[in-house]
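Residue numbers begin at 1 in each chain, while the letters A, B, ... track the order of the sequences.
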Amino acid sequence: MKFAVKKGWSNGRARSGVLQLGSCPFPIQTPALLLTTRKGLPPFTSPDLLTSSLPSPDSHLLQFSPLHFLEGISPKTISNIGGLHQMLSLHQHIFAAVPRDSIIALPEHDSTNKYGASFQTPGGRLLIKPAEYVELVSSMKPDFWVTLADEVPAWVSNKRNRTSVDRTLRWLDDCLSLNKESTTIFGSIVGGSSIEERHRCAQEVAQRNVSGYWIGGFGLGESMDERAALLTAVTDNLPEDMPRHVSGLGLPEEVLQGVAAGIDLFDSTYVYHLTLGGFALTFPLERNKGENADYQLSDSGGDGMKINLKATVYRKDTSPIVESCICFTCQNHTKAYLNHLFNVHEMLAQTLLEIHNTHHYLGFFCSIRKAIEEGKFEQFRRNFVESRRDRLFAAASSA
Amino acid sequence: MALKFEVLGRFNRARAAQLTLPHYLCQTPLFMPVGTQGTIKGLTKNQLEEIGCQIILGNTYHLALRPTSELIDELGGLHKFMNWPRALLTDSGGFQMVSLLHLADITEKGVTFQSPVDGKPMLLTPEESIQIQNRIGADIIMALDDVVRTTITGPRIEEAMYRTLRWIDRCIAAHKRPNEQNLFGIVQGGLDPVLRDICVRGLVERNLPGYAIGGLAGGEDKDSFWRVVAQCTAALPEDKPRYVMGVGYPLDIVVCSALGADMYDCVYPTRTARFGTALVPEGVLKLKHQAMANDIRPIDPMCECMLSRDLHSSIVEGRFPEFVCKFLQTMFPKGDVPEWVCNAMEVAGIDISSCCREMRFDVDKSSTL
C-alpha cells in the first residue's frame with residue numbers, strides 16, 4: 001500500500017492525499033468514502049451495477065465486516081476460491097475489513113471480555129478472539145484490515161474505558177504477531193470520550209509497525225460537540241504521512257468534522273439507512289452562498305438535504321431526484337416511478353435509490369477534495385453547515 | 001392492427017418470425033418475463049436489455065390498483081412511466097381476479113369481486129378492462145375472457161367458451177386505440193376439442209391482430225396440454241402470432257414451439273429465482289441446497305444460453321430438429337424423455353429417436369391435431 005499526503009494542499013488539519021493499493025489500478029484520492037457492504041457487496045446493488053453505474057475509481061473502496069461470513073459460506077471455501085476479490089469477481093476493487101458495522105455487527109461492550117470482542121448480530125451474540133479474527137481475515141485476503149478493538153460508547157466508566165484501551169493495544173499486538181503473510185494492517189485506536197485515553201492510545205499505536213490507523217469508538221452515542229476534541233486528540237499524535245480511517249461518522253456534517261481533524265477515510269451506514277427509509281439525498285454539491293432557492297421543500301418531510309420518496313407529493317412528479325445528477329437513476333427514472341416502486345415494495349426501488357445516494361455522497365466527497373485543493377475547506381465547511389441551518393429554519397417556519 | 005408478423009424460417013409447424021410492434025421489433029419464438037407491478041423484480045432496464053428481453057408483461061389488476069391506470073395515462077403511459085424502450089403487453093386483469101380474490105364471481109356483465117383496498121363490491125367488465133389497458137398503453141392488450149381451470153369439468157366450460165366469444169365483441173367495441181395497441185383474443189374451451197374448435201373459429205372470424213391460447217398451464221396433465229396446443233396452432237391463422245399463456249418450463253416452450261406457437265409468458269423464471277433455484281440446460285439447480293455450499297463452479301458454464309433466442313435462430317438457420325435433440329439430450333441424459341413430449345414431437349414431425357431410450361407410438365393422428 002502506498003499513501004501520500006499532497007504537500008501544500010493542507011487547510012489546517014484537513015489534508016488531501018492519494019492512496020494506492022494492490023488490487024485497484026487507479027489511485028484513490030482522499031478524503032474518500034468506503035461503501036458499506038453486506039458480505040462484500042452493497043446491500044442493494046449487484047456487482048455488475050456496481051461497476052457499470054457508479055463512478056470509478058471513487059466507488060472502488062468497499063468496507064466489509066469479516067463477521068458477516070460466520071454464517072453461510074465457510075471461510076475455508078472463500079479461501080479455496082482465492083479470497084473475496086475472486087469470489088465476488090471484483091478484481092479491481094479495494095476491500096477493507098472492519099469488524100464493526102452498524103447494521104449487523106454492533107459492538108456489544110458489556111459482553112466483551114479479556115478473551116475477545118463481543119458483537120450483536122442477527123444470529124445472536126458473537127465473541128471473537130484475536131486469533132479467530134486473524135484467521136477469518138486471512139481467508140478473505142482483503143487489501144487492508146483493521147485490528148480487533150474493544151469499542152465502548154461514550155457513557156462508560158473511566159475504568160471500563162481504560163480497560164478498553166489496554167485490551168485494544170494488547171489485541172493489536174496479538175494481531176501483529178499472528179500476521180504471518182505480512183498483510184496491510186491498520187492499528188485500532190479507541191479511548192471513548194476521554195481526551196487522556198485517546199491521547200494514550202494514539203501514542204501507543206503510533207509506535208507500532210502498522211500501515212495506517214483506524215479510529216474506533218465513534219458513532220456510538222457521543223455528541224458532535226465533544227467529538228471534535230477527541231478526534232484531534234488522536235490525529236495530533238499520529239504521523240502525518242499515514243492514512244487515518246474512521247467508522248461511524250455518517251452525516252455530512254460529521255464527515256466535515258472528521259476531515260477538519262485530519263481523517264482520510266470514512267465508512268458509515270448513512271447511505272444504507274437513508275435508502276432503507278426511502279430517503280434520497282438532494283443537497284447541492286456545489287455551494288454558493290445565497291443559492292437558497294433551488295433546494296427541495298419541506299412539505300414532503302424533507303429538510304433541504306434529502307427527500308422522502310414515499311411521500312404522496314411525488315406520485316406524479318416526472319422529474320428526476322436531482323435535476324443535474326448524472327447517476328443511472330436520475331438519468332433514467334422519475335420520482336413518480338420510484339414513489340410507485342416504494343409504495344408497492346418492489347426490490348428495484350432500493351437498487352435505484354442506493355445507486356443515486358451513493359453517487360451523490362461520492363460527489364460530496366469530491367467537493368470536499370476540491371475545496372481542500374483550492375485552500376477553501378474551512379469556508380466550504382462553514383457554508384455547508386450554515387446553509388443547512390438556514391434551510392432547517394426555513395423548513396420549520398413554513399411548516 | 002398495429003403489428004406486422006413475418007415468418008422468416010420454418011420447420012414443419014415450427015416457425016421463426018419477426019414481430020414488429022409499435023415500440024419494438026421482436027424475434028419469435030419469444031418469452032415474456034412478468035413485470036407485475038411495472039418492474040421485473042430487482043432488475044434495471046439496462047440489465048433487461050442486456051439479457052435480451054423483448055417484451056415485458058404488466059399485470060392490469062395490480063397496476064390499476066397502484067399506481068392506477070389514470071395516473072399512468074396522465075404521465076404518458078406505462079412505457080414512459082417505467083422508461084422501458086421495448087415492447088409491453090398487458091393482460092386483462094381477469095385472471096388475477098379469479099385467482100387472487102376468493103370472493104370473485106363471474107356473470108355475463110363481467111367479473112364481480114371485492115375490492116382488496118376497502119372491501120367494496122366492484123365489477124370488471126370487458127369494457128372497463130379495455131379502457132384500463134388503453135390508458136396503460138401497452139403494445140399488446142388482452143381481451144377479458146371467462147377463464148376456467150382445465151381441471152374443472154361439466155357445462156361451465158362450454159358456458160365460459162361462449163361467453164368469451166360474446167365478450168370479445170364487447171372488447172373490440174370498447175377498444176379506442178386499435179392503431180397503437182393490438183387486441184389479442186383468447187381461445188378457451190377447456191380440454192374439449194369441439195369447444196376449442198368453436199372458439200377458434202369464432203375468434204378468427206373477428207380478424208384480430210393475434211391470438212392467445214388460454215385456460216392452460218393450470219394443472220392439467222401434460223398429455224392433454226400438448227394436444228390442446230397442437231389443435232389450436234393447427235387451426236389458427238398462419239400469418240398471425242400465437243401466444244400460449246402461462247407457459248412455462250423450458251421443456252414446454254420447446255414443445256409448443258415445435259407445434260407452431262410463438263409467444264410465452266410465465267412467472268416461473270422470476271419466481272423460482274427468488275427461491276434460489278437456477279435454470280440450467282440440465283434442468284434446475286437448487287442453490288440453497290447444502291450440496292451447493294462449497295461448489296465454486298459458475299451456475300452455467302454456457303451462460304449465454306437464452307432459450308428463445310436459440311429457438312429463433314435454430315429455426316431460421318434450418319437446424320431446428322438438431323437443436324431440439326440437443327436440448328432433450330442435455331435435459332434427459334439417460335434418455336428418459338417423457339411420453340407426452342415424444343407424442344407431441346411425433347405430431348410436430350420432429351425425429352427425436354436419438355434422444356429417447358425407447359420410442360412410443362401412441363398418438364391419435366386425427367385431423368384435429
Side-chain angles (χ1 to χ4, degrees), chain A residues 43-54 69 71-83 86-89 139 310 312 314-320 327-356, chain B residues 33-51 56 58-59 61-86 116-117 136 270-271 273-274 276 287-299 303:
Chain A
F44 309 109
T45 311
S46 58
D48 59 324
L49 286 179
L50 179 61
T51 44
S52 67
S53 68
L54 287 176
F69 292 96
E71 248 181 24
I73 187 167
S74 76
K76 186 155 182 304
T77 305
I78 303 179
S79 191
N80 287 343
I81 296 174
Q86 193 64 28
M87 183 173 88
L88 299 170
S89 211
S139 65
K310 298 182 190 179
T312 50
Y314 298 118
R315 284 192 77 226
K316 299 185 185 179
D317 191 329
T318 54
S319 62
C327 82
F328 174 84
T329 304
C330 290
Q331 291 291 295
N332 285 285
H333 293 293
T334 60
K335 296 207 263 295
Y337 185 53
L338 285 159
N339 175 272
H340 164 69
L341 291 178
F342 271 107
N343 223 14
V344 296
H345 310 292
E346 279 287 343
M347 283 188 227
L348 189 59
Q350 278 115 352
T351 300
L352 292 175
L353 186 53
E354 187 174 64
I355 290 174
H356 168 78
Chain B
V34 181
T36 310
Q37 306 195 93
T39 156
I40 307 275
K41 293 200 187 320
L43 293 179
T44 65
K45 64 178 256 300
N46 281 17
Q47 289 173 314
L48 289 166
E49 284 170 332
E50 253 172 62
I51 296 174
I56 297 179
N59 285 122
Y61 170 76
H62 291 283
L63 292 171
L65 268 184
R66 298 178 296 192
T68 73
S69 58
E70 288 83 358
L71 186 146
I72 294 177
D73 191 19
E74 203 181 314
L75 297 188
L78 188 58
H79 285 90
K80 196 141 179 257
F81 187 62
M82 290 171 67
N83 196 13
W84 174 243
R86 298 186 180 180
V117 176
I136 294 174
T270 37
R271 181 178 290 166
R274 295 204 295 283
L287 295 171
K288 286 167 89 161
H289 222 259
Q290 190 51 30
M292 305 280 160
N294 298 310
D295 193 328
I296 61 178
R297 293 170 299 170
I299 291 177
C303 65

**Student:** With no hydrogens and no angle check, is any side-chain donor or acceptor of A/H340 less than 3.5 Å from a backbone partner on B/Q37?
**Tutor:**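 Judged by distance alone, yes, a pair lies under 3.5 Å.
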
**Student:** Quick check for you: to the nearest 0.5 Å, what is the distance between A/M347 atom CE and B/L43 atom CG?
**Tutor:** 8.5 Å

**Student:** Can you say whether A/N339 sits under 4.5 Å from chain B via the side chain, the backbone, both, or neither, judging by heavy atoms?
**Tutor:**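 The answer is neither part of A/N339.
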
**Student:** Could you give the distance from CZ (B/R66) to CD (A/E346), rounded to the nearest 0.5 Å?
**Tutor:** 9.5 Å

**Student:** Could you check whether any side-chain N or O of B/N83 sits under 3.5 Å from a backbone N or O of A/N332, counting only pairs where one atom can act as donor and the other as acceptor?
**Tutor:** yes

**Student:** Heavy-atom distance under 4.5 Å to chain B: side chain of A/F44, backbone, both or neither?
**Tutor:**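 For A/F44, there is no contact with chain B at all, as no heavy atom is under 4.5 Å.
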
**Student:** Rounded to the nearest 0.5 Å, how far does CG of A/N343 lie from CG of B/L65?
**Tutor:**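 Rounded to the nearest 0.5 Å, the CG-CG separation comes out at 11.5 Å.
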
**Student:** Looking at A/D48, A/L348, A/T329, which one forms a side-chain contact (heavy atoms from CB on, under 4.5 Å) with B/T44?
**Tutor:**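 By the side-chain contact (heavy atoms from CB on, under 4.5 Å) criterion, B/T44 pairs with just one of A/D48, A/L348, A/T329: A/L348.
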
**Student:** Quick check: are there more than 12 heavy atoms from other residues, nucleotides or ligands sitting under 6.0 Å from CZ of B/R271?
**Tutor:**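 Check fails, neighbour count at 12 or below.
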
**Student:** Under a plain distance cut-off of 3.5 Å, with no hydrogens placed, do A/S46 and B/Q47 share a side-chain donor-acceptor pair?
**Tutor:** yes

**Student:** Could you tell me whether a side-chain N or O of A/Y337 sits under 3.5 Å from a main-chain N or O of B/K80, the two making a donor and an acceptor?
**Tutor:**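 Checking the backbone N and O of B/K80 against the side chain of A/Y337, no donor-acceptor pair under 3.5 Å is found.
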
**Student:** Tell me, side chain or backbone of A/I78 under 4.5 Å from chain B's heavy atoms, or both, or neither?
**Tutor:**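 No part of it gets close to chain B.
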
**Student:** Okay, side chain of A/R315, backbone of B/L71: is any donor-acceptor separation there less than 3.5 Å?
**Tutor:**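 Side chain of A/R315 to backbone of B/L71: no pair is present.
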
**Student:** Kindly give the heavy-atom pair with the smallest separation between B/M82 and A/H333, and that separation in Å.
**Tutor:** O-CE1, 3.1 Å

**Student:** Starting at CG of B/N46, measure out to CG of A/L49 and round the result to the nearest 0.5 Å.
**Tutor:**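 Here the rounded value is 8.5 Å.
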
**Student:** Sort A/L341 into side chain, backbone, both or neither according to what part of it lies under 4.5 angstrom from a heavy atom of chain B.
**Tutor:**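 Interface part for A/L341: side chain.
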
**Student:** Enter the distance from B/L75:CG to A/T318:OG1 here, rounded to the nearest 0.5 Å.
**Tutor:**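 Between atom CG of B/L75 and atom OG1 of A/T318 there are 6.5 Å.
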
**Student:** Return the minimal non-hydrogen interatomic distance between A/T351 and B/G42, and the atom names on each side.
**Tutor:** OG1-O, 4.5 Å

